Amino acid sequence: MSGRARGGALRRFGRNIPAVAATVVLVAITLTALVGPMLYPVDPFDMVGRPASRPFDRFPLGTDVSGRDILAGLIHGARVTLLIGFAASFVATAVGVTVGALAGYYGRAVDTVLMRATDFFLTIPSFVLAVVLIAIFRPSLISVTGAIAAVSWPPIARLARAEFIAQRERDYVQACRALGMSDARIIVVQILPNALPPVIVVSSLLVATAILTESGLSFLGLSDPDAMSWGYMIGVGRTVLRTAPWMPAIPGMAILVTVMCINLIGEGLNDAFNPRLRG
Amino acid sequence: MRPFSILVATACAAASLAGPAAAQGAPSCPKRGGTLTYSYHPEPTALSTIATSAVPVAIIATKFYESLLSYDGPELTPKPSLALSWTVSEDRKAYTFKLRPDVKWHDGRPFTAEDVKFSVEKIIRPFHSRGRVYFGDVEAVETPDPLTVVFRLKDVVPFFLNVFQPGEAPIMPKHAFDGIDMSTSGGVRSAEIMQKPVGTGPFRFKEWRKGSHVVAERNPDYWDKGRPCLDQIVLRVIPDGAARAIAVENGEVDLAPMSGLPEAEIQRLEGLPRIETSKKGAEALGPSMWLEVNLREKPLQDLKVRQAISLALDRSRIVDVVWYGQGTPARGPIVSANPTYFNAALKPYEYNPAKANQLLDEAGYKRGPDGIRFRINHYPLPYGETWLRLGEYVRQELGKVGIAVQTQSVDFAGWLKAVYTDWSSDTASAFTHNYSDPSIGVERSFTSYNIQKGATFTNSMNYRNARVDELFRKASREPDPAQRKAQFAEIQQILHDELPVIFLMEMSYTHVWNRRVRGLITNGISMYSSWSGVWKD
């Protein structure tokens, strides 16, 4: 893809108002996660007040079942939630692209082995597999990130493979081969930049899925018990859903907004990279 | 003193002889039929208290198994069950039980004195968590005829007639253990009967679908004719506390025993017209909650470290915030509700994080550059949300004094294994029952002769104090009540000071049930009783 085409993509993204708004909100959320704990230095696990006090009472968003500040939980939870979301998506993309690139570029036996392995992962419901993996490795930030990545990479691998198959017989690739370029160089330097745009779209949407998966896991009490995350807050608040509905609703809204932003950005990227697909 | 006690025992026996005859004649159930559904989390790991005496196991197992006696009232007055009558010798060292004739096991085989002898000698004494306390002083179990059992004791055991509770001394069929290696706990605890019970109780085992439910159905050949009143007892497995509360609220579940719901939900349900709640019916349990500490290694081996942990935790906060006020800060191993043996001279534990920091400094555990002195793990009891909140509180408060706590989430079987078999936990939240006598409920946790790999709710800490051993041994044989009181008072003072566990809270059980269930509260161990007289309107 030439520099000009990329500039065009950026311009098209810039004209997509929902996507731009979503980017602004997501940047704000990310900034909160990064510097918020310094600006609002309340330990989210500290019992600071009476349990289940209402929002705007003594604490801006009230306290949870153990008298912990919900606003502090929201700010600190953003860190863990976003960290796991981005890290898991990054790992899944790296693994998926590697597998897909090798399978697509070499084809034949390599393709068969790698794609059957991918199929194996695709046949197991991903959430259930994540639960099993975490049960085996004990919940911690690393195991949760790893488990989400482990169940998220197969679609990326399939997509990357398809892109590589489409590209590998193109003239510019043939030319590189004729010039005696190594396979590794052709894959990384030549084909990858051309195959990447659709992968970026899917991988950005993957962040949203990863956040939802992490929330689901910590809702079930399967996330790192020593880390505050939004899903954990919902899980704690769920026990008092009918007496204190705001307790699960606040982190629930946070997840909703974040995931919606990421999806809008993903859509925007998709439209920007594939203008032909626009209706 | 002596003649009097014999008189009491025989009078009891005489009175109770008349009791069941009358009960059998009259229609003993106001209403027959129906299913009682209850829920308690976690799901039992087995259906026999020999495997583990944990609450979820004991509730269901006591419907299948009986013991020689059953009990009346909060003070547990013995009355006949598998034994029709009993006599106590003048020196209180021989107990003769006359067994009920024509009792059949659920598989149809006759129940005899041999089953009693086998259960006590081969199963309960070696493998029940309190078996050695109960029957350690039994020299011989004699069976002169198939319906007579004589226990000969080396020493006087003051609480001996309290022992024969269905959860504590369950009589099991000898023939079910044919071909099983009785020498290892693994052999016995993995026997088929642990999962598929065969007892003499009013209900027999029908089905256990793991993760879903356990069904107990009426035993049609039950010796107490006309009983049980219910057709079925169903244990529904509902891991989520809020869902359990909703199930009780809408009548899907009839009963949540022993504070089996989150405290917030109990308070909410209390106001509903169809729901009845009661704290009665658990008087003989005396639950005491603590942090079980592994004393095998430093730094927890260090008394100053344990004192610091104790100082860092605000017990009234735990009671008020985590347990919604349902409990009392603990002062030692015996609960303050025990009218006879609680040592009122014990000082309440202090909350003083500054002093905790100072003690940790003195003990040589300086804060590192990250503010951390040392790291320990914590296994919260997997009994539901409340225990997770406790674990979070402990982690939080200990973190403030520089002890980094890493929480381990495991299921119930994994928890039992880590704490009582692998001894790999540094700290774990746990609760045990005092029971009707400290020799029964307290001794097992603190004596060095009860450090048993694999036996649950024993001395997992590896606490060894020769004086404590000696005092417990003496007290379990002491006929003079004043002497016993003094012995237990000294034990409490030592344990209070040495902190083999971090005593936290005396719990208070609330049972929540639908008003259509009747006759539930009968004695001080109501949830561990057979429920043969429970009926549904």
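Convention: sequence-line order gives letters A, B, ...; per-chain numbering from 1. Values below: all heavy atoms of this structure, side chains included; hydrogens, waters and symmetry mates excluded. Here the structure is a predicted model, which means the values were calculated and not measured.
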Next item on the list: Tell me, out of B:V410, B:T407, B:D320, who's got the most heavy-atom pairs with chain A below 4.5 Å.
Entry: B:T407

Checklist line | Inter-residue atom distance B:Q406.CD - A:D226.CG, 0.5 Å rounding | finding: 6.0 Å

Notebook entry, point to check: Counting only heavy atoms not in A:L31, do more than 12 fall under 6.0 Å of its CG?
Noted result: yes

Note to self: Is A:R238 close to chain B through its backbone or its side chain, or both, or neither, when contacts mean heavy atoms under 4.5 Å?
What the structure shows: both

Notebook entry, point to check: Taking every heavy-atom pair that is under 4.5 Å apart, which of B:Q408, B:R317, B:E265 has the most such pairs with chain A?
Noted result: B:R317

Check: Got more than 12 heavy atoms from elsewhere within 6.0 Å of CZ, B:R367?
Finding: yes

Checklist line | Heavy atoms of other groups near B:R209 CZ, more than 12 under 6.0 Å | finding: no

Notebook entry, point to check: With a cut-off of 6.0 Å (strictly less than), are more than 12 heavy atoms of other residues, nucleotides or ligands near CZ of B:R306?
Noted result: yes

Notebook entry, point to check: Mind checking whether A:M47 and B:V322 have side chains closer than 4.5 Å, heavy atoms only?
Noted result: yes

Margin query: Taking side chain as everything from C-beta outward and backbone as N, CA, C, O, which of these in A:S66 sits under 4.5 Å from a heavy atom of chain B? Side chain, backbone, both or neither.
Written below: both

Check: Just wondering, more than 12 heavy atoms not from B:Y324 lying within 6.0 Å of its OH?
Finding: yes

Checklist line | Side chain, backbone, both or neither of B:V405 within contact of chain A (heavy atoms, under 4.5 Å) | finding: backbone

Check: Do you know which two heavy atoms are closest between B:V321 and A:P51, and how far apart they sit?
Finding: CG1-CG, 4.0 Å

Checklist line | Which portion of A:P225 sits near chain B, non-hydrogen atoms under 4.5 angstrom | finding: both

Notebook entry, point to check: Which bit of B:D240 comes within less than 4.5 Å of chain A, counting heavy atoms only: side chain, backbone, both or neither?
Noted result: side chain

Check: Is chain A contacted by the side chain of B:E397, its backbone, both, or neither, given a heavy-atom distance below 4.5 Å?
Finding: side chain

Note to self: Rounded to the nearest 0.5 Å, what separates atom CG in A:D224 from atom OG in B:S409?
What the structure shows: 8.0 Å

Notebook entry, point to check: Does the side chain of B:Q396 come within less than 4.5 Å of A:R68's, by heavy atoms?
Noted result: no

Next item on the list: Could you please state which residues from residues 369-389 of chain B sit under 4.5 angstrom from chain A, measuring non-hydrogen atom to non-hydrogen atom, sorted by number, or 'none'?
Entry: B:Y379, B:E385, B:R389

Notebook entry, point to check: Got more than 12 heavy atoms from elsewhere within 6.0 Å of CD, B:E297?
Noted result: no

Check: Do B:K400 and A:D46 meet the salt-bridge criterion of a basic N to acidic O distance under 4.0 Å?
Finding: yes

Margin query: When you compare the side chain of B:R268 with that of A:V240, does any pair of heavy atoms fall below 4.5 Å?
Written below: no

